[in-house]
Amino acid sequence: MTAHWRIGFHKNFEFGKTLGRGTFAKVKVARHKTTGTCFAVKIIDKQSASFKRESLKSEIVLMRQVIHPNCLRLHGVYDEKSKCFLILDLASGGTVLDRIIENDCFKENDAKKVSKDVLTAIEYLHSLGISHRDLKPENLLYASNDPQSPDYTTVKVADFGLSKIFVEKQPMRTVCGSPNYVAPEVVDPYCISIGYGPEVDIWSMGIVIYVMLCGFLPFYADSNAELFRLICAGDFSFPSPYWDGISESAKQLIRKMLVVNPKRRLSPSQCLAHSCVLADQKAPHLRQHRPQARGST
Ligand code: AMP
């Protein structure tokens with residue numbers, strides 16, 4: 001059970017460096033004064049105009065249930081008068097987005113490890129009835145920044161702010177997520193009136209795998225209206241020369257994840273059983289410059 005206190009954050013913790021900023025919160029390193037253990041602390045300003053009590057409550061309720069090596073763990077909550085502090089695993093290796101930008105894109109083996117970790121997390125979350133709904137490289141964190149650590153290549157899913165517990169017979173209807181990663185059934189006006197299910201996470205992960213392998217987005221347009229049109233049409237390709245050195249099994253996995261009809265999309269366990277995620281890729285492929293016009297990651 002995650003501990004929950006009304007006071008005492010500053011008595012027990014001291015702040016370290018700032019790790020990042022989200023829409024509603026700031027994230028910093030926090031050192032536990034007695035044990036010296038470092039955590040990440042998400043600081044939510046309850047007096048800010050954008051603060052939504054119900055969203056915070058549901059993020060906490062949901063995160064309390066999540067205990068998995070590939071998901072950030074919530075260790076405690078200090079719900080004080082003007083601020084709420086969420087004590088989380090410290091994932092010091094930065095985001096998958098940082099590493100894509102550093103390297104232009106990933107070798108297939110590195111992308112495979114990220115895919116395996118995140119798909120394992122998605123399989124676990126869906127088994128709990130949780131849909132993440134905002135998977136993207138910015139929300140995938142490397143557990144460690146130490147190349148000698150076994151956790152250097154371990155990825156943890158972060159930011160459960162848009163996550164939702166889904167009920168089989170009650171489809172989700174909230175339009176949410178990040179435009180470039182959102183599934184067709186979320187942005188198609190007809191589909192959204194019917195509602196959608198946790199398959200949206202597989203679509204987003206298909207986009208993440210595509211971006212990791214080539215460094216640019218499969219769907220890109222200058223306006224959201226055009227972007228959503230392309231997404232709903234499932235209109236993407238593997239342009240040469242950027243995809244020439246990438247295995248057929250990786251392309252096949254992406255094709256089976258980026259299926260417009262959510263019922264025909266692979267499930268998390270089918271993705272994990274796919275040869276692209278299972279097999280070792282022997283030959284690292286040559287990196288090329290990515291085209292500018294396809295959007296940044
Ligand atoms: P969020 O508000 O959860 O989107 O977090 C904003 C940013 O803070 C992320 O993109 C990360 O760069 C960083 N961050 C969030 N949580 C952690 C964590 N547990 N460990 C390290 N960095 C984090």
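Only heavy atoms go into these numbers, but all of them, side chains included; no hydrogens, no water, no symmetry mates. Keep in mind that what you see is a predicted model, and the values were worked out from it rather than measured. First listed ligand is number 1; within each ligand, the first listed atom is number 1.
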K.L.:
Strictly under 6.0 Å, is that where the ring centroids of W203 and F219 end up?
P.N.:
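Ring-ring flag for W203/F219: true, centres closer than 6.0 Å.
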K.L.:
Which protein heavy atom lies closest to atom 7 (C) of ligand 1, and at what distance to 0.1 Å?
P.N.:
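It is G20 CA, 3.8 Å.
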K.L.:
Considering heavy atoms of the protein only, find what lies nearest to atom 13 (C) of ligand 1 and give residue, atom and distance to 0.1 Å.
P.N.:
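It is L19 O, 3.9 Å.
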K.L.:
How many angstroms lie between SG in C214 and CZ in F106, if you round to the nearest 0.5 Å?
P.N.:
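The distance works out to 12.0 Å.
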K.L.:
Using a strict cut-off of less than 4.0 Å between a Lys/Arg side-chain nitrogen and an Asp/Glu carboxylate oxygen, indicate whether R133 and D159 qualify as a salt bridge.
P.N.:
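No, R133 and D159 are not salt-bridged.
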K.L.:
Can you tell me which residue and heavy atom of the protein come closest to atom 5 (O) of ligand 1, and the distance to 0.1 Å?
P.N.:
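Nearest protein contact, heavy atoms only, for atom 5 (O) of ligand 1 is V27 CG2, 3.6 Å.
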K.L.:
Among all the protein's non-hydrogen atoms, which is closest to atom 2 (O) of ligand 1, and how far away is it?
P.N.:
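Result for atom 2 (O) of ligand 1: G22 CA, 3.4 Å.
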K.L.:
With a 4.0 Å heavy-atom cut-off (strictly under), which part of K42 contacts ligand 1: side chain, backbone, both or neither?
P.N.:
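The part of K42 near ligand 1 is the side chain, not the backbone.
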K.L.:
Below 4.0 angstrom from a heavy atom of T95, which ligand 1 atoms are there? Numbered from 1 as shown, please.
P.N.:
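Counting from 1, the qualifying ligand atoms are 12 (O).
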K.L.:
Between H75 and F39, is the ring centroid distance below 6.0 Å?
P.N.:
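Here the rings of F39 and H75 have centres that are less than 6.0 Å from each other.
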K.L.:
Using distance only, find each side-chain donor-acceptor pair of residues 253-261 under 3.5 Å and give its atom names and separation, not counting sequence neighbours.
P.N.:
residue, atom, partner, partner atom, Å
R255, NH1, E248, OE2, 3.3
N261, OD1, K263, N, 2.9

K.L.:
Would you mind checking which non-hydrogen protein atom is closest to atom 9 (C) of ligand 1, with the distance to 0.1 Å?
P.N.:
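That would be E138 O, 4.3 Å.
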K.L.:
Compute both the distance and the angle, then confirm whether K28 meets the cation-pi test with F15: under 6.0 Å from the six-membered ring centre, within 45 degrees of the axis.
P.N.:
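Pair K28/F15 counts as cation-pi.
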K.L.:
To which protein heavy atom is atom 1 (P) of ligand 1 closest, and what is the distance rounded to 0.1 Å?
P.N.:
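Minimum-distance protein heavy atom for atom 1 (P) of ligand 1 reads D159 OD2, 3.9 Å.
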K.L.:
Can you name the closest pair of heavy atoms from Y78 and G8 and give their distance?
P.N.:
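What the structure gives for the nearest pair is CE2-C, 3.5 Å.
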K.L.:
Over all heavy atoms of both residues, which pair between Y196 and E185 is shortest? Give the atoms and the distance, please.
P.N.:
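Smallest interatomic distance, heavy atoms only, reads CB-CG, 3.5 Å.
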K.L.:
Within ligand 1, which atoms have a heavy atom of L72 less than 4.0 Å away?
P.N.:
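Every atom of ligand 1 under 4.0 Å from some heavy atom of L72: 19 (N).
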K.L.:
Name the closest protein heavy atom to atom 23 (C) of ligand 1, giving the residue it belongs to and the distance to 0.1 Å.
P.N.:
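Minimum-distance protein heavy atom for atom 23 (C) of ligand 1 reads L141 CD1, 3.7 Å.
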K.L.:
Flag D89 as yes when one of its N or O atoms lies below 3.5 Å from any N or O atom of ligand 1, and as no otherwise.
P.N.:
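Looking only at distances, the answer is yes, because the N/O contact criterion of under 3.5 Å is met.
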K.L.:
Heavy atom of K156 under 4.0 Å from ligand 1?
P.N.:
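Outside the 4.0 Å threshold, so no.
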K.L.:
Apart from V27 itself, which Ile, Leu, Val, Met, Phe, Trp or Tyr residues share its cluster (side-chain heavy atoms under 4.5 Å, direct or through members)?
P.N.:
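Cluster partners of V27: L19, V29, L90.
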K.L.:
Among all the protein's non-hydrogen atoms, which is closest to atom 21 (C) of ligand 1, and how far away is it?
P.N.:
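The closest heavy atom on the protein side is A91 O, 3.0 Å.
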K.L.:
Between ligand 1 and A40, is the shortest N or O to N or O distance under 3.5 Å?
P.N.:
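No: no nitrogen or oxygen of A40 is under 3.5 Å from one in ligand 1.
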